[in-house]
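The structure under discussion appears below in the form of structure tokens.
Chain naming here is simple, since letters A, B, ... match the order of the sequence lines and numbering starts at 1 in each.
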2 protein chains.
Amino acid sequence: MGDCGEECEAGALDRAAPPSDQDEALAQLAWAIAHPARVRLLRLLISRKACVCGELVGLMPLAQSTVSQHLKILKDAGVVQGEIDGPKVCYCVNAAGLARLKELVGGL
Amino acid sequence: MGDCGEECEAGALDRAAPPSDQDEALAQLAWAIAHPARVRLLRLLISRKACVCGELVGLMPLAQSTVSQHLKILKDAGVVQGEIDGPKVCYCVNAAGLARLKELVGGL
DNA sequence: ATTTGTTATCGTCGATGAACGATAATTAGA
DNA sequence: TCTAATTATCGTTCATCGACGATAACAAAT
């Protein structure tokens, strides 16, 4: 499994450096999908099984306000996007945000 | 950007289904890296700039107990692995866990 | 203008996260 | 055995999350 055999000492590296922007960006994106409900919402939007908020609510075992909160979190993180469509709101994936998430995770 | 133009209605899908195992697994892994300090720790271990807990502490602007907690979280999530090496503990990446994270995120 | 339907926000509550200092546990060496 | 060094755990404090019901905000139709 893990190969911790050889000693590996810290090279010349900033001592106690503050978190880098990349670290913060990844942490923020990861946090957006760090909840089963949000993962589910994201998957539903990706598969385009549903777009309108009301439909999403119907597919989740959660109250409308709770789903709205989760959608807001996904939106604030830039993973999801919402367009007003009459009295309803049609959510869809923000391709750029999702790509960035994949890129940052893949680049680990 | 987003193409929310066409209507997409929900097909035949379980109403209010509980979160699937995959959703929970991804959420759990994502949560492990949903904090800048943990991302940084993971990056340090990936680049093998440091393995021993003490060195990691020296590279973070956090108390020893806090770093230990974050390492425990990463370990519990299966992203990191620790082997006892004398009085010290040598941490290293759990390749399988990291691969699973990448796989789940990439599969979105 | 009023009503109806849809979504966002507010306020609250219980649970959990994040940080720290202090202390225990463990191991190697004197 | 006792000490020194390293790491994990405990207990506390403050802040934030997650969930809900209730209510406000908004658009369309009557």
Open item on the list: Is it the case that atom CD1 in I84(A) sees more than 12 heavy atoms from other parts of the structure closer than 6.0 Å?
Closed with: no
Task: Residue that, paired with V93(B), satisfies side chain to side chain contact (heavy atoms under 4.5 Å, CB included) out of L74(B), L44(B), L45(B) - done: L45(B)
Task: Residue that, paired with L98(B), satisfies side chain to side chain contact (heavy atoms under 4.5 Å, CB included) out of I46(B), V80(B), L29(B), I33(B) - done: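 Running side chain to side chain contact (heavy atoms under 4.5 Å, CB included) over I46(B), V80(B), L29(B), I33(B) with L98(B) returns exactly one hit, I46(B).
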[N] [atom2] sits how many Å from [X] [atom1], rounded?
| X | N | atom1 | atom2 | answer |
| --- | --- | --- | --- | --- |
| K72(A) | dG18(D) | NZ | C1' | 15 Å |
| E55(B) | dT7(D) | CD | C1' | 14 Å |
| L56(B) | dT6(D) | CG | P | 14 Å |
| Q81(B) | dT7(D) | CD | P | 17 Å |
| I84(A) | dC26(D) | CD1 | C1' | 8 Å |
| E83(B) | dA8(D) | CD | P | 13 Å |

TODO: Could you tell me whether the phosphate oxygens of dT6(D), OP1 or OP2, come under 4.0 Å of any side-chain nitrogen or oxygen in Y91(B)?
DONE: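 No.
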Task: Neighbours of DNA chain D within residues 63-71 of chain A, by heavy-atom distance under 4.0 Å - done: A63(A), S65(A), T66(A), H70(A)
Are [X] and [Y] close enough that some pair of their side-chain heavy atoms sits under 4.5 Å apart?
| X | Y | value |
| --- | --- | --- |
| Y91(A) | E55(A) | no |
| L42(A) | L108(B) | yes |
| V39(A) | R43(A) | yes |
| H70(B) | M60(B) | no |

Open item on the list: Rounded to the nearest 0.5 Å, what separates atom NE2 in H35(B) from atom CD1 in I73(B)?
Closed with: 8.5 Å
TODO: May I ask you to decide if A95(B)'s main-chain N or O and R100(B)'s side chain share a donor-acceptor pair within less than 3.5 Å?
DONE: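 No: the side chain of R100(B) does not pair with the backbone of A95(B).
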Task: Start and end of chain A contact along DNA chain C [non-hydrogen atoms, under 4.0 Å] - done: dT6(C) to dT9(C)
- [ ] Would you classify L62(A) as touching base, sugar-phosphate or nothing, given that sugar-phosphate means primed atoms plus P, OP1 and OP2, and contacts are heavy atoms under 4.0 Å?
- [x] sugar-phosphate
